[in-house]
Amino acid sequence: MTLDGSQIGRRTILGGLAALAAGPYAQGQRITTEPDLILHNGKITTLDPANPVADAVAIKDGRFVAVGTARDLLPTAGAATRKIDLQGKRVLPGLIDNHLHVIRGGLNFNMELRWDGVRSLADAMTMLKAQVARTPAPQWVRVVGGFTEHQFAEKRLPTLDEINAVAPDTPVFLLHLYDRALLNRAALRAVGYDRNTPEPPGGTIVRNTQGEPTGMLVAKPNAAILYATLAKGPKLPFDYQLNSTRHFLRELNRLGVTGAIDAGGGFQNYPEDYAVVQKLADDGQLTVRIAYNLFTQKPAQEKEDFLRWTQSVKYRQGDDYFRHNGAGEMLVFSAADFEDFRVERPDMPASMEDDLEHVVRILAENRWPWRLHATYDQTIDRALNVFEKVAKDIPFDGLRWFFDHAETISPKNIDRVAALGGGIAVQHRMAYQGEYFVERYGAKAAEATPPVARMLASGAKVSAGTDATRVASYNPWVSLSWLVTGKTIGGLSLYPTHARIDRETALRMWTENVTWFSNDDGKKGRIQVGQFADLIVPDRDYFAVAESDIADIAAELTIVGGKIVWGAGAFATFDPPAPLAMPDWSPVNIHGGYGAWKHAAGDNAAVTKRAAASCGCDAACNIHGHAHASAWTTSLPVGDAPSFWGALGCACWAV
C-alpha cells in the first residue's frame, strides 16, 4: 500500500493510529529533557514502517526525540521550547540528492543566470538582455545548463544572431546540457578562438565558409571543449565564493533539499576547490549535509591520484555535515561514456579494463567505496567484468560501490550489480534528453531508459538524484515528477504505466534509499526517533496535488539538524536572514534560481531594495511611492529600468 495521490491506504492509517495509540515515543524512548522545538498540527509522512503517520514531532539537539501526537508532545514543552503550528500541512523527510555537483555549483552559482524552469524562450532572452545590461566588463553572462530547448514554448534555442543582438559587447556563454555551447562574438574574442584555433579532440568548433568560428561548440562525443572553454572565464574571489555557496545551499533549501552526495566534477580539484565548503563547515554555516567523492582530473594519471588520496584522506573523515564518501564519479577517463544522445554511443577504448582494474584494486584494498559514471549497458558490462575479477581477489564485503546514471542497463547487468552487492544511482537526465533519445533510438527503446522499476525489483540498492547543475536542473521535484509521470519536461510521455514509480516509492528513492549510498543508514531519511531532524513542509501536498503540479512544488519550511534554514508563505517569519548575493550585479539578486522565482513570487525585500536604489523616487515620488515589488513581478520589461517605469508612465527616473 502506498501513499499515492490523495489516497492513503486503510492499512497505513490503521497502522499509524495503532502506533499513536501506543504513545509518541518510538522504541520505548521517552523525553527526559524539554525539547528545543515542537512542530504540531501537521500531516507527517515519516516513512517509518512502525509509525508511518503522525501529527507532531519533538526535536532536541538536532535529532527527533519523539514522533506522535500534539496531545502527548505539547505538554513536554518547557519555557525555552519553540512551538510551530504546521497548520495542517503535509510534512516530509528532507530530500537527499544522490548525485549533485554541489561544491562546483556553489563556487559559481552567483555568476550564473539560471534558465531552469523558465517556460518560454522570449522570457529567457528578456532575462539575458537584462543581465547583460547589469554585468560589468570584463565579466561574462553565463547560462550554464539546467535547461533544455524542449522546455520552451518555442521548442528551440536562441540563434547566435539573437544572442549577439542583445549582447554585442559583453561575453555570453550559454551551455545547453552537455551537447553544445553558444558563444557570442564578444565571448569568442575573450577566449581567443579564431580561424587559427585547432580543432579540439572529442569536440567541434563550428566554422563559417571563411573558417572563422561561428560561436557554436559541439560535443562529439565528449564535453571536454565545453568544460575547457567555460574554465577560461573569470572566477569569483574566495569571499565571494563563500557567499555564492551559501546562496546555492539556500536555493536548495528553498526546494526542500537537506542533503546531497557530491559527485566531483571536471575542473574541480582537490583540495583547492573544497576549501570554501570546508570553511563553511568549520563555521557552522552549511545548511545542506554534503558527502563528497573525489573525482580524478588527470587522464593517464588516475592511478597516481588515487594512490595519493587513499594515503592522505581517510574514508568518512569529517562530520555529519561535510564528510568524505569515497571515489568517483570519474575513476578513469577511458571508462567515461558521455551522455549526449544527439550523437552515437561512444565505444570505450581497449585500455579501459586495465585502467579501471588498477584503480579499483587500490580502492578495494583501502576500503574506499566508489561510484562510476556509466550511461550505456555496454560500458556497464565491461566494468562489471572488472569488478567481478577484483572481487575474487579482494572481497568487497559491504563496500558501497555503485553505478551512476545507467540509462540503458540490461536486466542481466542489473542482476549482476545486485549479486555483487552494488547499487545504482539514477538521475532524471531523460527528463531533459528524452526527446533526443527517442529521435535516435525510438520510443520503444525509451520505455526502459532507465529501467527503474526493474532495478527496484532486483534487490540492488537504488536511489534518485539530479546530476545538476549542468546536465539537468537541481530541482528535486522535477525528478520526482519524472519518476511518477514518466514525462520529460517538454511533455513527452516516455514510460508506460508499469514502468513508472508511485509517489511513496519515488519519495523513498529521494530520502531513505539515498542513505545507503553515503553509508548513513538509520541516521537520516526518515522522521524517526534518533534520526537527524531534517524535514520539509512543501507548499502543497505532494500526495494530493495533480501529477502535473508535482514539478512546481517548493518548500515553505525546511529544517536541517533542528534548525530552520528556509521559511516562506505561512512560515515566512521564521526565515533566517541571508546576505545579498555578491557581487551586487549577480543574477541571484534579481531572479533567484529555478524558475526565476524572485520575480515570479515577488521577493519583496531584494526586489524593492534594487528598485528603490535605482529609482530617482528613492527621495520622493507622488506616483509610485516605494511599492515597487509588485510591479517588478509583472510581465513588464523588468530588466530594462527606463522602459519598465516608462511602461507605467512614470517620469521619476534619474538615468
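These values consider heavy atoms only, across backbone and side chains, with no hydrogens, waters or symmetry-generated copies.
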- Item | Residues Asp355, Lys303; criterion salt bridge (Lys or Arg N to Asp or Glu O under 4.0 Å); working and verdict | CA-CA 8 Å; Asp355 295 343; Lys303 181 179 177 181; over 6 Å; no
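- Within 6.0 Å of atom CD in Gln285, more than 12 heavy atoms from other residues, nucleotides or ligands are found, so the atom counts as buried in its surroundings.
- Between atom CZ of residue Arg254 and atom CG of residue Leu249 there is a gap of 14.0 Å, rounded to the nearest 0.5 Å.
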- Task: List the steps, then state whether salt bridge (Lys or Arg N to Asp or Glu O under 4.0 Å) holds for Lys220 with Glu344.
- Result: CA-CA 9 Å; Lys220 283 189 175 182; Glu344 293 182 359; over 6 Å; no
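- Below 30°, between 30° and 60°, or above 60°: for Phe338 and His373 the angle between ring planes is between 30° and 60°, a tilted geometry.
- Heavy atoms only, all atoms of each residue included: Asp273 and Ile103 are closest at O-CG2, 3.4 Å.
- Using modelled atom types, one finds a donor on one side chain and an acceptor on the other under 3.5 Å when comparing Ser473 with Asp116.
- Put simply, the side chain of His405 reaches to within 4.5 Å of the side chain of Asp467, judged on heavy atoms.
- Ring centroids of His99 and Phe517 are separated by 6.0 Å or more, keeping the two rings apart.
- Between the side chains of Asn293 and His324, no donor N or O sits under 3.5 Å from an acceptor N or O.
- A distance-only check finds no donor-acceptor pair linking the side chain of Glu407 to the backbone of Pro450 [under 3.5 Å].
- Side chain to side chain, Ser410 and Asp377 meet the donor-acceptor criterion of an N or O pair below 3.5 Å.
- Taken from CZ in Phe109 to NE2 in His247, the straight-line distance is 8.5 Å, to the nearest 0.5 Å.
- Side-chain polar atoms of Arg323 and Asn519 form no donor-acceptor pair below 3.5 angstrom.
- Two residues are said to be in side-chain contact when any heavy atoms from C-beta on lie closer than 4.5 Å; Val277 and Ile290 meet this criterion.
- With Tyr292 as the fixed residue, the ring-ring contact (aromatic ring centres under 6.0 Å, His included) test singles out one of Tyr274, Tyr315, Trp309: Tyr274.
- Look at Asp521 and Lys461 and you find no salt bridge, because none of the NZ, NE, NH1 or NH2 atoms lies under 4.0 Å from a carboxylate O.
- A distance of 4.0 Å separates CD1 of Ile409 from CD1 of Ile380, quoted to the nearest 0.5 Å.
- Donor-acceptor pairing under 3.5 Å is recorded for the side chains of Asn413 and Arg416.
- Remark: the backbone N or O of Ser481 is paired with a side-chain donor or acceptor of Thr485 at under 3.5 angstrom.
- Rounding to the nearest 0.5 Å gives a distance of 12.5 Å between OG1 of Thr296 and CD of Glu329.
- Residues Leu252 and Thr258 fail the side-chain proximity criterion, which asks for heavy atoms closer than 4.5 Å.
- Defined by atom type and a distance below 3.5 Å, a donor-acceptor pair is missing between the side-chain atoms of Thr408 and Tyr441.
- Using a cutoff of 4.0 Å between basic side-chain nitrogens and carboxylate oxygens, Asp239 and Lys279 are not scored as salt-bridged.
- A salt bridge does not link Arg104 to Asp262: none of the charged side-chain nitrogens sits closer than 4.0 Å to a carboxylate oxygen.
- Side chains of Asp97 and Thr466: a donor-acceptor N/O pair is present below 3.5 angstrom, by distance only.
- Taking 4.5 Å as the limit, every side-chain heavy atom of Glu365 sits out of range of all side-chain heavy atoms of Thr310.
- Within the 3.5 Å criterion, the main-chain N or O of Thr148 finds a donor-acceptor partner in the side chain of Gln151.
- Side chain to side chain, His176 and Glu149 fail the donor-acceptor criterion of an N or O pair below 3.5 Å.
- A salt bridge does not link Arg345 to Asp337: none of the charged side-chain nitrogens sits closer than 4.0 Å to a carboxylate oxygen.
- Formation of a donor-acceptor pair under 3.5 Å by the Arg400 side chain with backbone atoms of Gly421 is not found in this model.
- Within the 4.5 Å cutoff, the side chain of Pro346 has no heavy atoms near those of the Asn222 side chain.
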- Between Tyr270 and Phe295, does a ring pair (Phe, Tyr, Trp, His ring centres under 6.0 Å) hold up when you go through it step by step? CA-CA 8 Å; Tyr270 182 84; Phe295 178 121; over 10 Å; no
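- With Glu112 contributing its side chain and Asn110 its backbone, the two residues share no donor-acceptor pair below 3.5 Å.
- The ring of Tyr432 has its center no closer than 6.0 angstrom to the ring center of Phe147.
- Remark: side-chain polar atoms of Arg429 are not paired, donor with acceptor, to backbone N or O of Glu339 under 3.5 angstrom.
- Atom CD1 of Ile501 is separated from atom CG of Leu483 by 6.5 Å, given to the nearest 0.5 angstrom.
- Between Val218 and Met216 there is a side-chain heavy-atom pair separated by less than 4.5 Å.
- With respect to Arg308 and Asp305, a salt bridge is recorded, a charged nitrogen being found less than 4.0 Å from a carboxylate O.
- Using a 4.5 Å heavy-atom cutoff, the side chains of Pro583 and Tyr240 are in contact.
- A salt bridge does not link Asp340 with Arg180: none of the charged nitrogens is closer than 4.0 Å to a carboxylate oxygen.
- Here Ser244 contributes atom OG and Phe238 contributes atom CZ; the two are 12.0 Å apart, rounded to the nearest 0.5 Å.
- Checking Trp115 against Tyr594 by side-chain atom types alone, no donor-acceptor pair falls below 3.5 Å.
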- Query: Between Asp415 and Arg454, does a salt bridge (Lys or Arg N to Asp or Glu O under 4.0 Å) hold up when you go through it step by step?
  - Reply: CA-CA 10 Å; Asp415 292 339; Arg454 177 65 174 80; 3.0 Å; yes
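- Under the 3.5 Å distance criterion, with hydrogens and angles disregarded, a donor-acceptor pair is assigned to the side chains of Tyr474 and Glu251.
- Taking the ring centre of Phe402 as origin, the terminal cationic atom of Arg371 falls outside the region bounded by 6.0 Å and 45° from the ring axis.
- Here the side chain of Ser586 pairs no donor or acceptor atom with the backbone of Ala581 at under 3.5 angstrom.
- A donor-acceptor pair under 3.5 Å is formed between the side chain of Asn184 and the backbone N or O of Ala187.
- Salt bridge status for Asp320 with Lys523: present, with a side-chain N to carboxylate O gap under 4.0 Å.
- A donor-acceptor pair shorter than 3.5 Å can be found between the side chains of Glu435 and Thr488.
- Across all non-hydrogen atoms, the minimal contact from Val514 to Ile96 is CG2-O, 3.4 Å.
- No donor-acceptor contact under 3.5 angstrom links the side chains of Asp520 and Thr515, judged on distance only.
- Aromatic ring centres of Phe387 and Trp370 lie closer together than 6.0 Å.
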- Item | Chi angles and distances behind the salt bridge (Lys or Arg N to Asp or Glu O under 4.0 Å) call for Glu388, Lys392 | CA-CA 6 Å; Glu388 290 165 346; Lys392 289 179 181 178; over 6 Å; no
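- In this structure a side-chain-to-backbone donor-acceptor pair under 3.5 Å is missing from His358 to Val360.
- Residues Gly423 and Trp516 approach most closely at N-CH2, 3.8 Å, considering heavy atoms.
- A donor-acceptor distance shorter than 3.5 angstrom exists from the side chain of Asp534 to the backbone of Gly561, with no hydrogens or angles considered.
- Between Val141 and Phe173 there is no side-chain heavy-atom pair separated by less than 4.5 Å.
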